[in-house]
Amino acid sequence: MAELAATEPTAPARLDNVSRRGLLGGAGALVLALSLRGPARADETQTAEQKAHKFGADGMPHGWRDDPRIFIAIAPDGTVTVTNHRSEMGQGVRTSVALTVADELEADWPRVKIAQAWGDETRFGNQDTDGSRSLRHFFQHFRHAGAAARQMLVQAAAKQWGVPASEVTAENHTLTHAKSGRRLGYGDVAAAAAELPVPTDVTLKDPKNFRYIGTGKIGLIDNRDITTGRAVYGADTKLDGMLCAVVARPPVYGGTVKAYDDSQAKTVAGVVKIFKIDGGAIPSEFMPLGGVAVVAKNTWAALKARDALKITWDDGPNAGYDTDAFRKELEAAARKPGKVVRAQGDVDGAMAKAKTKVTAEYFVPHLVQAPMEPPAAIARVKDGACEVWASTQGPQAANDRLMKALNLPADKVRVNVTLLGGGFGRKSKPDYVVEAALCSRAVGGAPVKLTWTREDDIHNGYFHTISVEHLEAGLDDRGMPVAWLHRSAAPTIGSIFAPDPKHELPFELGMGLVNTPFALPNVRMENPEAAAHVRIGWFRSVSNIPHAFAIQSFVAELAHAAGRDPKEYLLALIGPDRKIDPAEIGDVWNYGEDPKRYPIDTGRLRGVIETAAKGAGWGRQLPKGRGLGVAGHYSFVTYTAVAAEVEVDDKGQVKVQAIDIAVDCGPQVNPERIRSQMEGAVVMGMGLALTSEITFKGGRAQQNNFDGYEIIRIDAAPKIVRVHLVPTGAYDGPLGGVGEPGVPPVAPAIANAVFAATGRRVRQLPIRDQLSA
C-alpha cells in the first residue's frame, strides 16, 4: 500500500461545474449515481408552525429531500472524480467528501479530484450548506457510494479473469487476484464496471482499515489553488463581454424609491444603463430590497455613477428604528410574563420559598456575517434562459427565486456554484443573485457581475437578531437552584417569511433555550413578543449565541452567590449522566434529528467541560489581573466547551491569553478540519465578545466598514489556542455538526474570565470599553 502523499494533492486549476458528459472523461469510464434514501421529507416532520412559515424540519425553506444523488466517475486513466453537492466556504467539505469516498473506494489520494455540482434538487437532493449538516447527513451515503463503486470494480475484474469475486481484492487503486498474481488498475475495468448494476447490499470497510477517514493526514484539497491564487471565487468569475453592476438600496428595511435623478450619474464614462429595481415589500424573504441599479463597463465606473445618483427615499415603516430605544422595549417585555415555551414543576411557589433570589439580564446586539468576500454573482439572461455563477450557500434557493423573478421554468435556470470566501449564513439568501439576473435582463442579456461592497454588506444584510435574556433563580441553603425562570426576547428569523410574527420559531427556541439540560425541579422558559425592524437572518450558530451567553454567564453568577467554584457548580447543575429526550423538555425540533438517535447526553456535555478546564489548568494560581472562565454548550447535536484565560490591564482593556476548546461531535471524519473549524470559531466568538456590534438610528445601520464593525485583529488573537477532540462513537453511529458549535461558549467563557480577573460582571456584548469606565 502506497503511503499518503506528503504534499497537497494537485487540484484542477479550475473546478468546473460538472455535467454527465464531462464526468465520463471519454469512453470507458465508470459513472456511479447512487439513489440513497436520506432523512424524512420535510413535510413528514414539520410542525404546524413550521408549515405556516414554509419552513422545513431543518429550519430552512423546503427542508431537505430524500434520495440524494452521489456521483463518482473513474476515467480510463484511473482518475477518480468525486462530485461534491455542497458549497465550499472554508469548512473543507470538498476535502471531507472526497476523502470519504476515496477511503471506501480504496483510491490512491493523489489520483482523486473533486468537481462542484451545480444547483439541481432533483439530481443532488438538498444542497443548502447550512446548519452544520453536510457530513452529518451524508457521511454514510458517501461511504456507501465509495464501497459500491469498489464492489463493481471487483466484480468487473473477476468477470474479466473468470474467477470468483471473493478472490479479488481492491487496494490503493489496484485490483489483485492473489492466486494468479494478476493485477489491473481501476481505469482498466471502468468501462466494464459501468455495465454492471449498482449493488444495494455493500460491505463497508472496518474503520481500523481506514486510510483517510479519521486520520487527520489529508490536507485541504483546494489549498494549492487558494494559496497560489488560482482558486475561482464568485467575485473572480469572468465571462466574455461581461458588464459590472452595483445597486443603491434603501437605507431602511422596507423603504422604497420615491424619485431619483440620474443625470449626473449618466455622465460617468463607462455607464451602460441605470434603472429602478422594485422592492420594499415586507416580508422580503430572499428577494431584493429594491433600489436603483447601475450597470457599467467596470465596477469602478458603476460605483462612481452610484455615488452621483440623487435618490429620494420613502423610508417606510421602520424609519424610526433605534436600537437603543428598542433595547428598552425588549427589557420591558422580558420583565413581564410571556408565552410559555417550557414549563416544569411550580416555579412561582419554589421561588417564593427560596432562601435567595438572583436576577440578571443579558444583552446581545445585532451582528452581521461580514464574510471576507462580500456577496457577488454573475448572471446571463438570454434567449429565455438564465445561467448564473455565484458564491452561494443555497443554489436551489437561488434557482427558485430566479424562476420567480424572471418567470422562467426550472429547466431554463442554472446556478453554478463557485468557491465562497466565507458565508456564515449570509450567502444562503440569494437576493444578490436575483439582482445580478435583473441587471443582465435589463441590458439585453449581456453577462453582468453584480458586486456588493463591504458597506453594502453591512448596511443591507441579514442581521443576527438583537436579544435581551432575563433570568431569575431561587436558591436553597446550599446555593443550588430550586426554581429557574428564563425569558428570551428577540425578533425572529420567521419575520422575513411571514408578516409580523412576534415569537421565535421552534428551531430558534431549540437553540439552547428550551433544551437547557440542567437537573432542576422547577423550570419555566418564556418567549415575550418582539417585532422585527430589519432583515433577520442566519448567523453562524444563530440563536445559540444569546442563549449560551446568558445561561453560562448566569451559572457563573449563581456559583459566586453560592460561594462555589464555577466549573464545579456548572457540573452540579448538569447533574448525573443521563440521556434526555429533547421533546420531554420542550424541544420539538432537535436540529431536525431523530431524538432516539440524538438524545441530549449530559455525560458528553460534562466531558467537554472537564476536558477544556483540565487543558487550561483549572484551579491554578494566576497573577493579579488574570482570570479563568469556563462555559459549555450543546448545539447542532454536538457538545463544546471553552476555558478562557484573560488579562485585564489597568485601563480596562481585555486581552485573551489562551483558549482551550473541547469538542465532542461523535465520529471524527476529518480531524484536521475539525481543529481548523474550532480555531476559527474561537476567533469569531472573540469578535462577538469583544468588538462586534451593529446599531441603528433612524432605521439606518450606523457602521460602515471594519473600522466601525470591528472583527478581531490578528494582534488580538490569543497566543495559545488548544483544541481538544473528544472521541465518541463508532463510525456507523450518528455524527454531530462541526461548523457552528464552537462559537456559542466562547463569549460567556471570556465574560466569566473577566469577572475572575476583576470582580466585574459583563452582561452585555460586546465588552469593548465597558471595563475602562
Side-chain angles (χ1 to χ4, degrees), residues 58-60 87 89-91 128-133 253 286 323 363-375 392-394 397 420-431 452 454 457-467 469 488 490-497 504-505 507-513 530 532-550 591 633 635-636 677 680-696 701 703 706 709-712 737-748 765-766:
D58 57 357
M60 282 298 296
S87 299
M89 49 189 152
Q91 84 279 35
D128 175 69
T129 312
D130 244 317
S132 301
R133 292 189 299 263
Y253 178 48
F286 296 163
T323 42
F363 173 75
V364 174
H366 285 300
L367 303 164
V368 70
Q369 300 86 357
M372 288 300 101
E373 178 203 26
T392 175
Q393 291 175 246
L420 283 66
F424 311 118
R426 171 59 183 98
K427 293 173 184 175
S428 297
K429 282 79 75 174
D431 53 331
W452 283 49
R454 178 62 59 205
D457 178 44
I458 289 176
H459 292 166
N460 296 114
Y462 286 80
F463 301 94
H464 176 64
T465 192
I466 186 172
S467 171
E469 309 290 319
S488 177
T492 173
I493 285 172
S495 60
I496 62 171
F497 297 100
E504 296 178 57
L505 294 176
F507 80 91
E508 293 165 302
L509 298 172
M511 290 184 170
L513 180 65
H533 300 285
V534 299
R535 293 197 295 184
I536 305 295
W538 289 262
F539 182 101
R540 187 179 185 181
S541 79
V542 207
S543 296
N544 287 289
I545 292 171
H547 297 154
F549 172 60
Y591 295 92
H633 193 66
S635 67
F636 301 93
Q677 288 279 56
V682 164
V683 173
M684 191 168 192
M686 284 180 58
L688 312 186
L690 299 175
T691 61
S692 299
E693 178 181 27
I694 294 288
T695 58
F696 287 83
Q703 291 71 30
F706 287 139
Y709 185 75
E710 292 185 47
I711 59 174
I712 286 295
V738 171
E740 295 169 275
V743 175
V746 176
L765 299 181

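It should be emphasised that the depicted structure is a prediction, and the values quoted were computed from it without experimental measurement.
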What's the shortest heavy-atom distance between N544 and G512, and which atoms? OD1-N, 3.6 Å
ring-ring contact (aromatic ring centres under 6.0 Å, His included), that's the test. Do Y462 and Y253 meet it? Break it down for me. CA-CA 10 Å; Y462 286 80; Y253 178 48; 8.5 Å; no
Please confirm whether the backbone N or O of E710 pairs with a side-chain atom of T691, one donor and one acceptor, at under 3.5 Å? yes
Heavy-atom side-chain proximity of T465 to F539 below 4.5 angstrom: no
If you define the side chain from C-beta out and look only at heavy atoms, does anything of S543 sit under 4.5 Å from E504? yes
If I compare all heavy atoms of I466 with all of P491, which pair ends up nearest, and what's the gap? O-CD, 3.3 Å
Is there a side-chain contact between F549 and L688 (heavy atoms, below 4.5 Å)? no
Any non-hydrogen side-chain atom of H464 less than 4.5 Å from a side-chain atom of I536? no
Flag side-chain contact, heavy atom, 4.5 Å: L367 against I694: no
Between S428 and A397, which heavy-atom pair has the shortest distance, and what is it? O-CB, 4.2 Å
Validation row: P371, K427 side chains within 4.5 angstrom (heavy atoms): yes
With the side chain counted from C-beta on, respond yes when D128 and R133 share a heavy-atom pair under 4.5 Å apart, and no when they do not. yes
State whether the side chain of Q393 and the backbone N or O of G425 hold a donor-acceptor pair below 3.5 Å, judged by distance alone. yes
Partners meeting salt bridge (charged side-chain N to carboxylate O under 4.0 Å, His left out) with R540 (sequence neighbours left out): none
Suppose we screen for side chain to side chain donor-acceptor pair (under 3.5 Å). Which residues come up paired with N460, at least two apart in sequence or across chains? none
Of all residues at least two apart in sequence or in a different chain, which pass the side-chain contact (heavy atoms from CB on, under 4.5 Å) check with T695? T323, E693, Q702, Q703
Would you give the length of the straight line joining atom NE2 of H633 to atom OG of S541, rounded to the nearest 0.5 angstrom? 7.5 Å
Nearest heavy atoms of P745 and P741, plus distance in Å: CD-O, 3.7 Å
By side chain to side chain donor-acceptor pair (under 3.5 Å), Y709 pairs with (sequence neighbours left out) none
Could you report the tightest heavy-atom contact between S692 and I711, atom names first, then the distance? OG-CA, 4.1 Å
Run V743 and V682 through side chain to side chain contact (heavy atoms under 4.5 Å, CB included) and show every step you take. CA-CA 6 Å; V743 175; V682 164; over 6 Å; no
Is a side-chain N or O of E469 found less than 3.5 angstrom from the main chain of P546, in a donor-acceptor match? no
On a heavy-atom basis, which atom in P375 and which in D457 lie closest, and how many Å separate them? CD-OD1, 4.1 Å
Are side-chain heavy atoms of T129 and Q91 found at a separation under 4.5 Å? yes
Hits for side chain to side chain donor-acceptor pair (under 3.5 Å) against S132, two or more places apart or cross-chain, chain-then-number order -> E740
Is K429 salt-bridged to D130, going by a charged N under 4.0 Å from an acidic O? no
Restricting to ring-ring contact (aromatic ring centres under 6.0 Å, His included), what partner residues turn up for F696, sequence neighbours left out? Y321, H366, F463
In terms of relative ring orientation, are F636 and Y591 parallel, tilted or perpendicular, with 30° and 60° separating the classes? tilted
Output the distance between atom CD (E373) and atom CZ (R426), rounded to the nearest 0.5 Å. 11.5 Å
Mind checking the CD1-CG spacing from I712 to L690? Nearest 0.5 Å is all I need. 5.0 Å
